Amino acid sequence: MNTQVHPSKLIAGATGDWEVVIGLEIHAQVSSKSKLFSGASTEFGGPPNSHVSLVDAAMPGMLPVINEECVAQAIRTGVALKAQINLRSVFDRKNYFYPDLPQGYQISQYKHPIVGEGVVLVDLSPTEQISVGIERLHLEQDAGKSLHDLGANDSHVDLNRSGVALMEIVSKPDMRSAEEARCYVTKLRTILRYIGACDGNMEQGSLRADVNVSVRKPGDPLGTRCEIKNVNSIRFIGHAIDVEARRQIGILEDGGKIDQETRLYDPAKGETRSMRSKEEAHDYRYFPDPDLLPLEFEQSYVDELASHLPELPDEKKARFVTQYGLSPYDAGVLVLERASADYFEEAARGRDAKLVANWVINELFGRLNKEGKSIETSPVSAVQIGGIVDLIASNVISGKLAKDLFEIVWSEGGDPAQIVESRGMKQMTDTSAIEKAVDEIIAANPDKVAQAQAKPTMLGWFVGQVMKGTGGKANPQAVNEILKSKLGI
Ligand code: ADP
Ligand code: MG
């Protein structure tokens with residue numbers, strides 16, 4: 001819990017500075033082949049109602065059967081969040097009517113969740129970390145989807161998503177700015193993807209956030225919160241917090257008070273609006289689901305799952321700094337995705353790791369971003385990047401030619417060393433050949449020679465000419481030295 005808030009995080013109002021307080025409830029769709037209580041497929045995007053079992057359709061008399069893989073995923077996530085794992089938890093019925101919830105209740109966990117308190121270390125920058133507390137994580141069913149835009153006078157229901165397992169991950173109200181909330185979601189998403197518990201795909205709705213926002217004068221007790229439902233991108237989470245905090249400050253400064261309510265964020269209008277107030281809040285009449293026994297397992301089961309977890313991003317980052325001598329910034333960028341970290345390590349094996357990190361981060365990631373590709377679909381493999389770095393390290397090609405080589409490998413593929421050989425891209429290290437090129441340029445430009453002798457900064461022009469004359473293949477350092485001695489500067 002942050003007690004002292006950096007002044008730059010405060011929002012200036014007419015009556016002084018305000019502090020914004022944020023807590024997030026993240027719904028993360030569990031990666032599993034089948035649903036939480038049925039054998040139906042969880043695959044995204046099938047024809048409507050093609051992945052629906054009799055349990056998901058809530059046919060009378062159907063009984064839910066717990067899917068062990070979903071339980072294991074929740075435990076793995078709890079361990080990765082350094083959280084308390086509860087060896088006994090209970091599934092409850094949360095009763096409400098909704099057209100895409102045919103049971104008339106959602107099976108969820110209320111008083112006894114599978115995972116208790118934990119913590120996430122959030123990177124605000126390569127050198128600044130805050131810790132955000134986790135209140136709990138529980139398992140629950142997702143609902144189906146109502147479609148209102150297929151016809152003018154009718155609505156349709158698609159139950160493919162009905163019964164898919166969700167983990168609801170509830171944070172403590174520990175965040176103090178939109179930026180902190182964005183970084184928290186980014187880190188949580190990275191952790192979930194590392195351990196394979198959720199694909200983190202926000203466009204497909206695999207990760208959605210309910211955003212709780214309140215404001216207060218620094219040092220005051222917590223203010224009344226509003227909850228903004230179902231925000232589905234990291235950017236929108238940031239926007240929603242900023243506009244909601246402004247709205248609340250405006251009301252309070254006008255002498256009003258905040259009503260606790262559920263609101264919706266409208267990205268097109270850049271505002272939040274009321275969905276329902278606390279008075280209209282449902283009474284869900286939670287009670288233990290009589291069709292399901294309490295969920296119980298042994299500590300040895302938890303230990304077994306924990307022992308198979310991969311190295312997590314914080315540990316990997318620390319290792320990259322010590323093992324490879326990378327800066328915390330470069331290490332942080334490389335560990336954002338497990339696949340990028342693996343790619344880097346494969347390319348760095350037996351090589352100058354800092355040089356490899358440079359090429360992966362600057363050239364490769366830059367290019368992948370530009371083309372909207374991911375590391376998994378990179379046209380340049382780790383072996384190929386390693387090959388390019390080898391040619392630079394052994395002075396066969398210059399840094400500039402290496403960029404041309406990267407382009408060729410990117411678009412045509414092939415072995416970098418062979419490409420350099422067959423296209424004659426080798427750097428000229430033969431000084432007599434460079435001297436010959438220098439002599440030619442000097443002989444052709446007597447006026448420039450006189451200028452350069454008067455004004456040594458003209459040297460750059462000569463270097464450029466020699467590089468051009470040698471097709472960029474001359475070693476720039478050798479060119480510099482030879483030119484200086486021949487021009488006598
Ligand atoms: P509910 O079911 O009413 O949404 P939960 O306990 O599930 O309640 O979630 C409450 C969420 O709101 C948590 O993420 C918590 O951190 C956050 N929260 C609680 N109080 C405040 C507050 N005053 N300001 C901002 N967020 C808050
Ligand atoms: Mg809530």
Side-chain angles (χ1 to χ4, degrees), residues 1-3 5 9-11 18-28 81 83-84 89 92-96 105-120 122 130-140 143 166-185 187-188 207-231 237-238 240-249 251-252 257-265 272 274-286:
M1 182 85 188
N2 312 311
T3 44
V5 175
K9 302 213 161 119
L10 298 175
I11 301 175
W18 292 85
E19 181 183 73
V20 54
V21 174
I22 304 142
L24 296 178
E25 296 160 79
I26 303 279
H27 287 95
L81 301 179
Q84 162 82 34
S89 60
D92 296 289
R93 290 187 179 179
K94 181 180 182 180
N95 298 280
Y96 61 103
Y105 56 85
Q106 177 193 35
I107 305 179
S108 180
Q109 296 187 306
Y110 184 50
K111 284 201 179 121
H112 305 283
I114 183 167
V115 176
E117 291 187 328
V119 67
V120 179
V122 176
I130 56 164
S131 70
V132 171
I134 297 294
E135 183 70 45
R136 58 187 274 151
L137 175 159
H138 64 253
L139 279 168
E140 63 184 28
L166 295 179
M167 293 182 286
E168 178 167 334
I169 305 169
V170 182
S171 87
K172 302 208 171 186
D174 283 358
M175 288 154 276
R176 294 292 177 271
S177 68
E179 171 69 6
E180 289 187 2
R182 277 200 304 264
C183 293
Y184 165 77
V185 180
K187 186 60 174 285
L188 190 60
L207 201 71
R208 345 192 256 272
D210 295 345
V211 184
N212 294 273
V213 179
S214 65
V215 298
R216 65 176 172 186
K217 287 286 173 72
D220 279 1
L222 288 179
T224 304
R225 72 183 155 109
C226 288
E227 176 176 350
I228 310 159
K229 276 282 176 202
N230 254 326
V231 189
I237 290 172
I241 291 168
D242 283 334
V243 299
E244 177 60 16
R246 283 270 159 215
R247 184 189 73 87
Q248 292 183 13
I249 291 169
I251 291 173
L252 293 170
K257 70 177 212 3
I258 305 300
D259 296 322
Q260 185 173 341
E261 59 184 2
T262 305
R263 302 182 66 85
L264 276 182
Y265 173 63
T272 67
S274 182
M275 202 173 134
R276 57 173 183 260
S277 71
K278 197 184 177 188
E279 289 73 54
E280 301 161 61
H282 307 278
D283 173 3
Y284 294 117
R285 293 188 304 109
Y286 279 100

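The structure displayed is predicted, hence computed values, not measured ones. This chain uses plain numbering: 1 for the first residue, then up along the sequence. Atoms within each ligand, like the ligands themselves, are counted from 1 in listed order.
Heavy atoms from both the backbone and the side chain of Val21 come within less than 4.0 Å of ligand 1. The residue Asp210 has no part lying near ligand 1, judged by heavy-atom distances below 4.0 Å. Here Glu135 has no heavy atoms under 4.0 Å from ligand 1, in either its backbone or its side chain.
Where the criterion is an N or O separation shorter than 3.5 Å, residue side chain and backbone included, Thr224 fails it with respect to ligand 1. Polar contact check, Pro173 against ligand 1: a nitrogen or oxygen pair lies under 3.5 Å apart. At under 3.5 Å, a nitrogen or oxygen of Asn212, whether backbone or side chain, sits near a nitrogen or oxygen of ligand 1.
A donor-acceptor contact closer than 3.5 angstrom is absent between the side chains of Asn95 and Arg285.
Residues satisfying the ring-ring contact (aromatic ring centres under 6.0 Å, His included) criterion with Tyr105, sequence neighbours excluded, are absent altogether.
Compare Gly133, Pro221, Ser171 by their heavy atoms: the one nearest to atom 15 (C) of ligand 1 is in Ser171. Of the options Cys226, Gly23, Gly223, Ala209, the smallest heavy-atom separation from atom 23 (N) of ligand 1 is shown by Gly223.
The side-chain heavy atoms of Ser171 and Val132, taken from C-beta on, include a pair separated by under 4.5 Å.
Using cut-offs of 30° and 60° for the angle between ring planes, the Tyr284 and Tyr96 rings count as perpendicular.
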